[in-house]
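I have placed the structure first, in the form of structure tokens, so that the comments after it can refer back to it.
In the text below, chain A, chain B and the rest are named by the order of the sequence lines, each starting its count at 1.
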Number of protein chains: 2
Amino acid sequence: MEKQVTTCPPGKLKIINAMRSLLEDRTFESLTISEIAITAGVTEGLIYKYFKDKRDLLHHVLKEHYEQFLIQIDRDLQGIDGALNKLKKIIWSSIERYANHRVFARIILLEVRNSEEYFQSEAYALVRQFNRLIIEIINEGVADGEIREDLPPASIRNAIFGTLEHSCLNRAIFNEEVSTNDTAKSITELLFNGIRR
Amino acid sequence: MEKQVTTCPPGKLKIINAMRSLLEDRTFESLTISEIAITAGVTEGLIYKYFKDKRDLLHHVLKEHYEQFLIQIDRDLQGIDGALNKLKKIIWSSIERYANHRVFARIILLEVRNSEEYFQSEAYALVRQFNRLIIEIINEGVADGEIREDLPPASIRNAIFGTLEHSCLNRAIFNEEVSTNDTAKSITELLFNGIRR
DNA sequence: AAATTTAGTAAATAAAATTTACCTTCTGGC
DNA sequence: GCCAGAAGGTAAATTTTATTTACTAAATTT
């Protein structure tokens with residue numbers, strides 16, 4: 001009956017927040033455990049109490065971000081009908097997320113995919129979940145005749161993800177501005193109707 | 001008058017080859033200088049004689065790969081007319097390169113973009129050069145009426161690069177097979193004509 | 001033939017990550 | 001009311017890696 005949330009110990013929270021804040025303008029590799037500990041105001045040992053290693057902490061931060069992202073996507077999709085409309089909304093929401101959460105964008109686009117452990121992490125499980133959602137929507141669109149049936153759904157998903165990510169790469173790397181509405185509009189237009197005149 | 005090639009010292013060559021070969025099935029982060037030196041059959045110090053640090057060596061390997069890639073692209077484009085035909089060929093050539101040169105794909109898709117130094121490297125200068133080529137072709141296509149003029153060229157480029165890269169990500173990460181012809185065909189179809197039925 | 005550069009080694013140093021041993025406080029069961 | 005053990009935390013040692021330094025020996029230049 002009780003709220004079984006097992007509230008996060010303050011030290012752990014401080015570590016996570018320090019990591020988030022340091023990643024705001026530093027690369028993962030350039031951060032040291034000592035630096036993270038100092039920023040968090042805890043000792044280095046405590047980091048290893050809560051996380052297997054530096055990467056595990058990174059994956060944890062990503063997981064929290066991704067959970068928020070999925071919750072928002074879920075909301076955003078409420079009441080939207082039709083596969084293309086759903087994809088359009090997902091494109092918009094994703095851009096919006098990358099544009100306004102640079103740490104999230106940097107972690108997922110630049111920092112995690114180069115390690116094997118990531119693909120065993122809970123964060124990656126969430127990514128796969130999002131992937132499945134997209135594939136479902138594409139299949140729905142093909143079934144309804146909204147989407148061409150001569151393209152492999154995986155290709156369509158790759159195009160959507162790839163275009164989205166590449167469009168936000170300069171934001172993640174160089175901190176360039178991204179106009180969510182304009183970018184989402186161009187991408188949607190492009191992917192839905194093609195570049196051919 | 002002489003051939004001014006300043007032939008590469010054998011030790012340097014051995015280091016580069018060791019790096020290439022280790023990256024075949026290991027991530028950059030997981031490699032140690034000591035391991036690279038042993039594989040190359042040289043001492044650790046020699047690596048620092050020729051390269052600023054571990055990353056500098058990585059960038060050098062990428063640069064060599066990218067040079068080969070650009071030479072091949074140049075050849076592949078010979079005699080091809082029309083912006084869409086050129087883009088089609090570039091898509092095919094890129095997929096082919098990623099599919100058959102996994103180390104190249106891994107380095108550029110997974111290992112370099114997370115460091116600031118990369119964007120100062122000679123390797124990145126080559127990437128920008130390729131980028132400009134694509135933009136030129138897109139502009140040519142718009143001018144000729146082959147490509148829609150209502151989409152920003154940068155968006156089109158992002159879509160092409162992004163889709164290409166995402167289509168080869170599973171190849172780079174999980175060593176999954178990629179059929180160059182099928183993949184190139186789907187991507188081209190998709191980007192040229194859109195996913196809408 | 002002296003002077004300098006080039007290719008290379010071996011050992012020291014520095015910088016990180018990770019582990020270990022320990023201390024305190026709180027909590028549930030007797 | 002108390003005590004065993006878990007939970008939160010520290011401080012210092014250890015290990016692992018990257019990087020630097022000081023030094024040969026051969027080749028090249030002058």
Item to complete: Measure from CD1 on A/Ile47 to P on D/dG8 and round the result to the nearest Å.
Response: 16 Å
Item to complete: Round to a whole Å and report the spacing from CG of B/Leu22 to C1' of D/dT17.
Response: 15 Å
Item to complete: Let me know which of A/Asp76, A/Thr180, A/Thr188, A/Asn181 forms a side chain to side chain donor-acceptor pair (under 3.5 Å) with A/Trp92.
Response: A/Asn181
Item to complete: Test the B/Lys88-B/Phe192 pair against the cation-pi criterion, namely NZ or CZ under 6.0 angstrom from the six-membered ring centroid and within 45° of the ring axis.
Response: no
Fill in: Protein-nucleotide distance (A/Phe51, atom CZ; D/dG8, atom P), rounded to Å
12 Å
Worksheet entry | Enclosure of B/Lys12 NZ (heavy-atom neighbours >12, cutoff 6.0 Å) | yes
Practice prompt. Please give the nucleotide sitting opposite D/dT30 as a Watson-Crick or G-U wobble pair, both distances under 3.5 Å, or none.
Written response: C/dA1
Item to complete: If a protein heavy atom is under 4.0 Å from the base, mark B; if only from the sugar-phosphate, S; if neither, -; do that for nucleotides 7-21 of chain C going 5' to 3'.
Response: SBBB-----SSBB--
Worksheet item: Do the rings of B/Tyr118 and B/His59 sit parallel, tilted or perpendicular, given the 30° and 60° boundaries?
Response: tilted
Practice prompt. Fit a plane to each ring of B/Phe174 and A/Tyr124, take the angle between them on a 0 to 90° scale, and name the class: parallel (under 30°), tilted (30 to 60°) or perpendicular (over 60°).
Written response: tilted
Fill in: Aromatic ring pairing B/Phe69/B/Phe104, orientation class (parallel under 30°, perpendicular over 60°, tilted between)
tilted
